[in-house]
2 protein chains.
Amino acid sequence: MRAISIGAVAKATGVKVPTIRYYEEVGLLPAADRTASNRRSYDETTVRRLRFIRHARDLGFSVDAIRQLIDLSDQPDRSCGDVDSIARLHLADIDEKIARLTALRSEVERMVDEGAHGRVADCRVIEVLGDHAACLHETH
Amino acid sequence: MRAISIGAVAKATGVKVPTIRYYEEVGLLPAADRTASNRRSYDETTVRRLRFIRHARDLGFSVDAIRQLIDLSDQPDRSCGDVDSIARLHLADIDEKIARLTALRSEVERMVDEGAHGRVADCRVIEVLGDHAACLHETH
DNA sequence: GCTAAATGCTCTAGCGACTAGAGGATCAAG
DNA sequence: CTTGATCCTCTAGTCGCTAGAGCATTTAGC
């Protein structure tokens, strides 16, 4: 394996240099080997791990969830169940966010649909914001 | 108007005490009057304003957007157009978030639906995360 | 071989919207 | 008069980075 600089790793993975250092700091990446002049030196293993991390982040997994997934993927003989339940938890989380946003959306849309009147004094948006009773749902 | 303590305002609005102080700090609320012993002293005006703020926050408006809305609502003779466009911008923002989350959702669901195999070594979740090519969409 | 630009290093601070806690003053009820 | 609730300010932490200062080192062109 030949050595790769942090900049080259950044180019290869699309993860920015400071972000790579940050991932090291928070324990998503092991402390990198250093050259004689103290620069971080990587190999293909790190590039693969970073691609994994980036992909999981793109899918919205938290850094903490990714740490757990990495720990699990380092123990290939364990049951897949734990990995699966992390992913399912994340799915439930996404569902909740979508549901919440959809409820908000209808509320805000209703607000703007009631129309812009001439003056701020008659503005439905301001009025609705000031009076929770004007809302469809108790809980947004 | 009689004086209301910060705790009473918190109870009346559902906004926590430290959050009220924070809103003052960032300029959503004017600096409160103080009693002889330096405690914040409010009246009904603040309670109404805080309800407005809280409602807007519940609907996902940013503190910055709320600051603009408050400024506008203090000028009742202006056109309602600016208020309306803030709300419409927010609506577009919500739509974008929903679209993004929906795309993520399908990706993550597909991942967990491919099933938990016996060992982590065969786990589809780990595999998909490690290989972006296994995804439906180029951009999540 | 020399110089200048690029890249690397560490450290600190900032984003948004709070939340938590320390350490101290004051108030209200029994 | 004491006790507990409430209030004050200040600092630091949350999450996942991003930006910048102020250096050292490497690389490319000449």
Side-chain angles (χ1 to χ4, degrees), chain A residues 2-29 31-42 46 49-50 52-70 89-90 93-94 97 100 104 140, chain B residues 2-29 31-42 46 49-50 52-70 89-90 93-94 97 100 104 140:
Chain A
R2 69 187 183 299
I4 314 175
S5 74
I6 195 170
V9 171
K11 239 172 225 150
T13 60
V15 179
K16 292 182 194 153
V17 168
T19 306
I20 296 173
R21 290 196 277 245
Y22 168 76
Y23 285 159
E24 179 181 319
E25 193 187 314
V26 299
L28 280 194
L29 292 176
D33 289 342
R34 300 298 182 119
T35 66
S37 64
N38 199 37
R39 300 190 164 198
R40 287 173 181 81
S41 172
Y42 298 100
T46 309
R49 173 161 288 196
L50 257 180
F52 179 97
I53 294 169
R54 189 187 167 193
H55 196 189
R57 286 291 305 135
D58 282 350
L59 288 173
F61 285 87
S62 70
V63 164
D64 195 60
I66 296 172
R67 221 187 326 258
Q68 293 174 49
L69 288 172
I70 287 175
L89 264 180
H90 182 48
D93 196 52
I94 294 174
K97 280 188 184 130
R100 223 184 104 78
L104 286 199
H140 347 267
Chain B
R2 70 187 183 299
I4 314 174
S5 73
I6 195 170
V9 172
K11 240 173 223 148
T13 60
V15 179
K16 291 182 195 155
V17 169
T19 306
I20 296 174
R21 291 197 277 246
Y22 168 75
Y23 285 158
E24 179 180 321
E25 193 187 314
V26 299
L28 280 194
L29 292 175
D33 288 342
R34 300 298 181 119
T35 68
S37 64
N38 198 36
R39 298 187 168 203
R40 287 172 181 82
S41 172
Y42 298 101
T46 310
R49 174 161 287 195
L50 256 180
F52 179 97
I53 293 169
R54 188 186 170 195
H55 196 189
R57 286 291 305 135
D58 281 352
L59 288 174
F61 285 86
S62 70
V63 164
D64 195 61
I66 296 171
R67 221 186 325 256
Q68 293 174 51
L69 288 172
I70 287 175
L89 265 179
H90 182 47
D93 195 52
I94 294 174
K97 279 188 185 132
R100 222 186 104 78
L104 284 199
H140 347 267

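Protein chains get the first letters and strands the later ones, always in sequence-line order, with residue 1 at the start of each.
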Which pair of heavy atoms, one from [X] and one from [Y], lies closest together, and at what distance?
{"X": "B:Gly7", "Y": "B:Val17", "result": "CA-CG2, 4.1 Å"}
{"X": "A:Ala32", "Y": "A:Arg40", "result": "CB-CG, 3.7 Å"}
{"X": "A:Asp58", "Y": "B:Arg100", "result": "O-NH2, 4.0 Å"}
{"X": "A:Thr13", "Y": "A:Leu50", "result": "CG2-CB, 3.9 Å"}

Of the listed nucleotides ([options]), which one gets closest to any side-chain atom of [X]?
{"X": "A:Ser37", "options": "C:dA17, D:dC8, D:dT26", "result": "D:dT26"}
{"X": "A:Arg21", "options": "D:dT6, C:dC18, C:dG8", "result": "C:dG8"}
{"X": "B:Val63", "options": "C:dC18, D:dT18, C:dC9", "result": "C:dC18"}
{"X": "B:Ser5", "options": "D:dC7, C:dC9, D:dG16", "result": "D:dC7"}

Write down the distance between [atom1] ([X]) and [atom2] ([N]), rounded to a whole number of angstrom.
{"X": "A:Ile4", "N": "C:dT7", "atom1": "CD1", "atom2": "P", "answer": "17 Å"}
{"X": "A:Glu24", "N": "D:dC17", "atom1": "CD", "atom2": "P", "answer": "15 Å"}
{"X": "B:Ile20", "N": "D:dT9", "atom1": "CD1", "atom2": "C1'", "answer": "17 Å"}
{"X": "A:Ile53", "N": "D:dG16", "atom1": "CD1", "atom2": "C1'", "answer": "13 Å"}
{"X": "B:Leu29", "N": "C:dC18", "atom1": "CG", "atom2": "C1'", "answer": "14 Å"}
{"X": "A:Asp33", "N": "C:dG8", "atom1": "CG", "atom2": "C1'", "answer": "16 Å"}
{"X": "B:Glu25", "N": "C:dT19", "atom1": "CD", "atom2": "P", "answer": "14 Å"}
{"X": "B:Leu28", "N": "C:dC18", "atom1": "CG", "atom2": "C1'", "answer": "12 Å"}

Between [X] and [N], is there a side-chain N or O to OP1/OP2 distance below 4.0 Å?
{"X": "A:Arg34", "N": "D:dT25", "answer": "no"}
{"X": "A:Arg40", "N": "C:dT7", "answer": "no"}
{"X": "A:Tyr23", "N": "D:dG16", "answer": "no"}
{"X": "B:Arg54", "N": "C:dA17", "answer": "no"}
{"X": "A:Lys16", "N": "D:dT18", "answer": "yes"}

Closest-nucleotide mapping onto DNA chain D: is A:Thr35 or A:Tyr22 further toward the 5' terminus? I mean the 5' end. A:Tyr22

Would you say A:His90's side chain and A:Leu59's backbone share a donor-acceptor pair under 3.5 angstrom? yes

Residue whose closest nucleotide on DNA chain C lies nearer the 5' end, B:Thr19 versus A:Ile6: A:Ile6

Starting at the 5' end of DNA chain C and moving along, which residue's nearest nucleotide shows up first, B:Asp64 or B:Arg39? B:Asp64

